[in-house]
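Quick caveat, the model's predicted, so the values are computed rather than measured.
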Amino acid sequence: MNLQEAYDLMDLLLDKADQPYFIDEEKNQFIDQAIMAFINNHYHNYDQEQVSRDALSFFFSDMIQASGNAGFYVLPVDYVHLLQVELGTDTTDMRSAKILGTKDYLDFRLSSDPFNKATLEDPICFVRFGTSDSHATNEIHVSPVTLTKANIFYISFKPHDIVFGETDASGNVGPLSEIYQREIIDLSIRKMTGNIEGANIQFQQIEAEQSKSI
């Protein structure tokens, strides 16, 4: 399904919900919001459901053999969720890092207990959200800091023009599978009709739930 076909389907669904007309720019904003909701919903079930892993495979990205700087790696601006981090001192000897929250990371990093301390064989990491002088940043902080090579696998955000885009001449990008596109459209319609009370919105919510891929 391309973007124009998505607009047409949204118009059809909105007309049945007695909604006012939305211009394409407004539809794009709702679709982008729905894409983020789609990612978050499936990420929640990523470890339990194969269908969620299938759904998110389109959004899979990586930073292979990235070079660190004083114990941290700056993530791309499209970063959404972390999947796995492999760390090492060179690219031939990489170890899977345990992904921790901030408090657990600091406890392990500063611990004097040899059984609860980050080592070259058992590295740890956490994601830190911050800001630079010009924009928000996401960073992966690692311990031990001597691990200066990383393979970082994460879920990235892709906007409406990619999710509903055409495959280019080299076969790159391409649209998301239609089964998941329709789930995103259903999420978009729910957001666009969210201010309606009564039978119409209840019907839309039930229909969206029934059409989910999980």
Quiz item: Are Phe126 and Val145 linked, directly or through other ILVMFWY residues, by side chains that come within less than 4.5 angstrom of each other?
Solution: no
Quiz item: Does Ser61 reach the side chain of Lys158, with side-chain heavy atoms less than 4.5 Å apart?
Solution: yes
Quiz item: Can Phe157 be reached from Val163 by stepping across I, L, V, M, F, W or Y side chains whose heavy atoms are under 4.5 Å apart?
Solution: yes
Self-check item: Exam field: side chain Asn2 to backbone Glu5, donor-acceptor pair closer than 3.5 Å
Solution: yes
Quiz prompt | Minimal non-hydrogen separation, His81 against Asn40, with atom names | solution = NE2-OD1, 2.7 Å
Self-check item: Cys125 side chain near His141 side chain, heavy-atom distance below 4.5 Å
Solution: no
Exercise. For the residue pair Phe129 and Tyr79, categorise the inter-ring angle as parallel (less than 30°), tilted (30 to 60°) or perpendicular (more than 60°).
Key: tilted
Quiz item: Any side-chain heavy-atom pair from Asp104 and Lys98 closer than 4.5 angstrom?
Solution: no
Practice problem: Indicate yes or no: at least one non-hydrogen side-chain atom of Phe72 is less than 4.5 angstrom from one of Val142. | Solution: no
Quiz item: Is there a chain of hydrophobic side chains (I, L, V, M, F, W, Y, each step under 4.5 Å between heavy atoms) that links Ile185 to Phe58?
Solution: yes
Quiz prompt | side-chain hydrogen bond (donor to acceptor under 3.5 Å, both in side chains) evaluation trace for Tyr7 with Asn28 | solution = CA-CA 9 Å; Tyr7 294 156; Asn28 291 340; 2.5 Å; yes
Quiz item: Which pair of non-hydrogen atoms, one from Ser188 and one from Ala34, has the smallest distance, and what is that distance?
Solution: OG-CB, 3.2 Å
Practice problem: Please check if the distance between the ring centroids of Phe30 and Phe22 is under 6.0 Å. | Solution: yes
Exercise. To the nearest 0.5 angstrom, please state how far the CD1 atom of Ile31 sits from the CE atom of Met36.
Key: 14.5 Å
Quiz item: Quick one: do Tyr46 and Ile35 end up in the same hydrophobic cluster if we chain Ile, Leu, Val, Met, Phe, Trp and Tyr together by side-chain heavy atoms under 4.5 Å apart?
Solution: yes
Quiz item: What is the minimum heavy-atom distance between Glu183 and His42, and which atoms define it?
Solution: OE2-NE2, 3.1 Å
Practice problem: Mind running salt bridge (Lys or Arg N to Asp or Glu O under 4.0 Å) on Asp107 and Lys103 for me, showing each step along the way? | Solution: CA-CA 6 Å; Asp107 288 344; Lys103 182 181 182 304; 3.0 Å; yes
Practice problem: Examine distances only and state if a side-chain atom of Ser177 and a backbone atom of Tyr180 form a donor-acceptor pair shorter than 3.5 Å. | Solution: no
Exercise. Kindly compute the distance separating NZ (Lys191) from CG (Asp32), expressed to the nearest 0.5 Å.
Key: 11.5 Å
Quiz item: Do Ile162 and Met10 share a hydrophobic cluster, counting only Ile, Leu, Val, Met, Phe, Trp and Tyr and linking them when any side-chain heavy atoms are less than 4.5 Å apart?
Solution: yes
Exercise. Might you point out which heavy atoms bring Ala55 and Leu176 nearest each other, and give the distance in Å?
Key: O-CD1, 4.2 Å
Quiz prompt | Spacing of OG1 belonging to Thr89 relative to CZ belonging to Arg95, to within rounding of 0.5 Å | solution = 9.5 Å
Exercise. May I ask you to test the Ile155-Phe59 pair for a side-chain heavy-atom distance under 4.5 Å?
Key: yes
Practice problem: Starting at OH of Tyr105, measure out to CG of Leu100 and round the result to the nearest 0.5 Å. | Solution: 9.0 Å
Self-check item: Leu9 side chain reached by Met1 side chain, heavy atoms, under 4.5 Å
Solution: yes
Quiz item: Does the Gln29 side chain pair with the main chain of Glu26, one donor and one acceptor, at a distance under 3.5 Å?
Solution: no
Exercise. State whether the side chain of Tyr43 and the backbone N or O of Leu56 hold a donor-acceptor pair below 3.5 Å, judged by distance alone.
Key: no
Practice problem: Determine the minimum heavy-atom distance between Ala150 and Leu87, stating which atoms define it. | Solution: CB-CD2, 3.6 Å
Quiz item: From Ile179 CD1 over to Ile184 CD1, what is the distance, rounded to the nearest 0.5 angstrom?
Solution: 11.5 Å
Quiz item: Can Leu83 and Phe60 be said to form a side chain to side chain contact (heavy atoms under 4.5 Å, CB included), step by step?
Solution: CA-CA 9 Å; Leu83 293 178; Phe60 181 89; 3.7 Å; yes
Quiz prompt | Which atom of Ser156 lies closest to which atom of Ile39, heavy atoms considered | solution = O-CD1, 3.9 Å
Quiz item: Taking atom CD of Glu121 as the centre, does the number of heavy atoms from other residues, nucleotides or ligands within less than 6.0 Å exceed 12?
Solution: yes
Practice problem: Compare all side-chain heavy atoms of Ile152 with those of Asp62 and state whether any distance is below 4.5 angstrom. | Solution: no
Practice problem: Evaluate the salt bridge (Lys or Arg N to Asp or Glu O under 4.0 Å) criterion for residues Glu49 and Arg53: first the C-alpha distance (whole Å), next the side-chain angles of each, then the deciding distance (0.1 Å), finally the verdict. | Solution: CA-CA 7 Å; Glu49 301 286 347; Arg53 291 189 286 272; over 6 Å; no
Self-check item: Spatial distance of atom CG (Leu120) from atom CG (Leu147) [nearest 0.5 Å]
Solution: 5.5 Å
Quiz item: Would you find a donor on one side and an acceptor on the other, under 3.5 Å apart, between the side chain of Asn41 and the backbone of Ala37?
Solution: yes
Quiz item: Any donor-acceptor pair under 3.5 Å linking the side chain of Asn151 with the backbone of Gln65?
Solution: yes
Quiz prompt | Met63 side chain near Leu75 side chain, heavy-atom distance below 4.5 Å | solution = yes
